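What follows is a short report on a single structure.
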Amino acid sequence: MEYTVKALAELAGVTPRTLRWYDQVGLLKPLRTTEAGYRLYGPQQLDRLQDILFYRELGLDLAAIQAILDDPAFDRQAALQSHLAELKARRTRLDDLILTVQRTLDDLKGGTKMTDQEKFEAFKRHVVEANEAAFGREIRQKYGDEEADRANACVLALTQEEYRAWKALGGEIHTALTAAVRAGADPAGPEGLRIAQLHRRWLSYSWESYTPQAHAGLAELYVSDPRFTAYYDWEVPGCAAFLRDAVRAYTRA
């Protein structure tokens, strides 16, 4: 069965304008175009649109999605398994947050008191599970299950103050990267090295030990994996590459 732009838009819950834009940028080309200029979409295009919408739900930008789907090594079944795992993780996170809110209300009403650790447990678990769903496979392939599990355990063991400091430092790094790229700063210059030092401090919250080689290897993933790139480039393109180059300079110094 073939669908026009209007019919596919209604089926998928998107706008015709969205489909035309996807065609224009090469993300979703129609199966064929009639002599009258109407775009027609077949089964393969429907599957690709579903994949696009799955990745959009995960927060990826269109460039990152296109890079993933056009990769010759893309495995749709593996991708769907990953999506399923992420959805289940989201459901678990929501259940945890609901329970935390309920326990907090009970505490406020004079019921069972929550410890400071319990107040932030759901949030830390959310960070670990989100990172695992998005990047776990790549991290485990590069560093092994033992290192990945150790890093997750470090995050879960953070105190309230450490967790706040870790999140604040992550925000500081993003802000600094954005400003540096906009200013055309040199990654190997003073600001680049400062950002690399901040990044090393940020890693110390989840790494038991540090090596320049591991730091540089992780920074390479920020550019080689489009999902990492999308995370750092969500506001200003080039931030992931700047961080990679800054870490390279820092670890070679």
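Note that the structure is predicted; figures quoted are calculated from it, not measured.
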Pairs meeting criterion ring-ring contact (aromatic ring centres under 6.0 Å, His included) with involvement of residues 48-84, two or more places apart: F54-H83, Y55-H83
Just wondering, more than 12 heavy atoms not from [X] lying within 6.0 Å of its [atom1]?
X: W234; atom1: CH2; result: no
X: K6; atom1: NZ; result: no
X: E235; atom1: CD; result: yes

Any [X] side-chain heavy atom under 4.5 Å of [Y] side chain:
X: R32; Y: E2; answer: yes
X: V5; Y: Y38; answer: no
X: R201; Y: Q197; answer: no
X: Y232; Y: H174; answer: yes
X: Y222; Y: H199; answer: yes

Ring-face cation contact, Y210 with R200, 6.0 Å cut, 45° max: yes
Would you say [X] and [Y] are hydrophobically clustered, going by side-chain heavy atoms of ILVMFWY under 4.5 Å?
X: Y3; Y: L40; result: no
X: I65; Y: Y41; result: yes
X: L218; Y: Y231; result: yes
X: L8; Y: L69; result: yes
X: L169; Y: L243; result: yes

Check [X] against [Y] and note the closest heavy-atom contact, atom names and distance.
X: D75; Y: Q77; result: OD1-N, 3.1 Å
X: R194; Y: A176; result: NH2-CB, 3.7 Å
X: G192; Y: A246; result: O-CB, 3.3 Å
X: V236; Y: C239; result: O-SG, 3.3 Å
X: H215; Y: A196; result: CE1-O, 3.7 Å

Could you pull out all donor-acceptor pairs under 3.5 Å where a side-chain atom in residues 11-22 meets a protein atom, sequence neighbours excluded?
{"from": "T15", "atom 1": "OG1", "to": "T18", "atom 2": "N", "distance (Å)": "3.0"}
{"from": "T15", "atom 1": "OG1", "to": "T18", "atom 2": "OG1", "distance (Å)": "2.8"}

Hey, can you pull the donor-acceptor pairs under 3.5 Å for the side chains in residues 43-52, sequence neighbours left out?
{"from": "Q45", "atom 1": "OE1", "to": "G42", "atom 2": "N", "distance (Å)": "2.8"}
{"from": "R48", "atom 1": "NE", "to": "L27", "atom 2": "O", "distance (Å)": "2.6"}
{"from": "R48", "atom 1": "NH1", "to": "D70", "atom 2": "OD1", "distance (Å)": "3.3"}
{"from": "R48", "atom 1": "NH2", "to": "L27", "atom 2": "O", "distance (Å)": "3.1"}
{"from": "R48", "atom 1": "NH2", "to": "D70", "atom 2": "OD1", "distance (Å)": "2.9"}
{"from": "Q50", "atom 1": "OE1", "to": "R76", "atom 2": "NH2", "distance (Å)": "2.6"}
{"from": "D51", "atom 1": "OD1", "to": "R76", "atom 2": "NE", "distance (Å)": "3.0"}
{"from": "D51", "atom 1": "OD1", "to": "R76", "atom 2": "NH2", "distance (Å)": "3.3"}
{"from": "D51", "atom 1": "OD2", "to": "R76", "atom 2": "NE", "distance (Å)": "2.8"}

Distance, nearest 0.5 Å, that separates [atom1] of [X] from [atom2] of [Y]:
X: R39; Y: T34; atom1: CZ; atom2: OG1; value: 10.5 Å
X: L221; Y: T229; atom1: CG; atom2: OG1; value: 9.5 Å
X: W202; Y: K167; atom1: CH2; atom2: NZ; value: 8.5 Å
X: T178; Y: D233; atom1: OG1; atom2: CG; value: 9.0 Å
X: L53; Y: L58; atom1: CG; atom2: CG; value: 11.0 Å

Flag, side chain of Q66 to backbone of G26, donor-acceptor distance under 3.5 Å: yes
Backbone N/O of A230 and side chain of D61: donor-acceptor pair under 3.5 Å: no
L62/R56 under side-chain contact (heavy atoms from CB on, under 4.5 Å): CA gap, chis, key distance, verdict: CA-CA 8 Å; L62 298 184; R56 289 294 285 166; 3.8 Å; yes
